[in-house]
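To keep things clear, I will list the structure first and then write my remarks on it.
Numbers here simply count residues along the sequence, with the first being 1.
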Amino acid sequence: MEKSVFKRKIYNEILEWKENRSYKYSLLIKGAKRIGKSTIAKEFAEKEFKSYILIDFAHTSKEIIELFDDMYNLDFFFTTSTIHRCSLI
């Protein structure tokens, strides 16, 4: 039961982001290993968006990770995604 309460709480927090801030801000989910971040992000994206981009740094290539090494480019990436209404989960 504790798991479903947590899941419902985080899902509601992400839903609040979608309804109130997703037009302006991308979403970054971070936390301890193996607590369900990727699972909840994927589930949310499948239910709440027609399309989405999911970047799971635990399961991606070195080349993709290197795209995020430069903070200037990272700011540009998120700004551009917001301008183009691309929801990143």
N20 side, atom CG; L15 side, atom CG - distance, nearest 0.5 Å: 9.0 Å

Nearest-0.5 Å distance that lies between atom CD in E46 and atom OG in S51: 12.5 Å

All pairs passing salt bridge (charged side-chain N to carboxylate O under 4.0 Å, His left out) where residues 29-38 contributes a residue, at least two apart: none

Side chains of I29 and I14 in contact at under 4.5 Å (non-hydrogen atoms): yes

Atom pair CD/CH2 of E48 and W17 - distance to nearest 0.5 Å: 10.0 Å

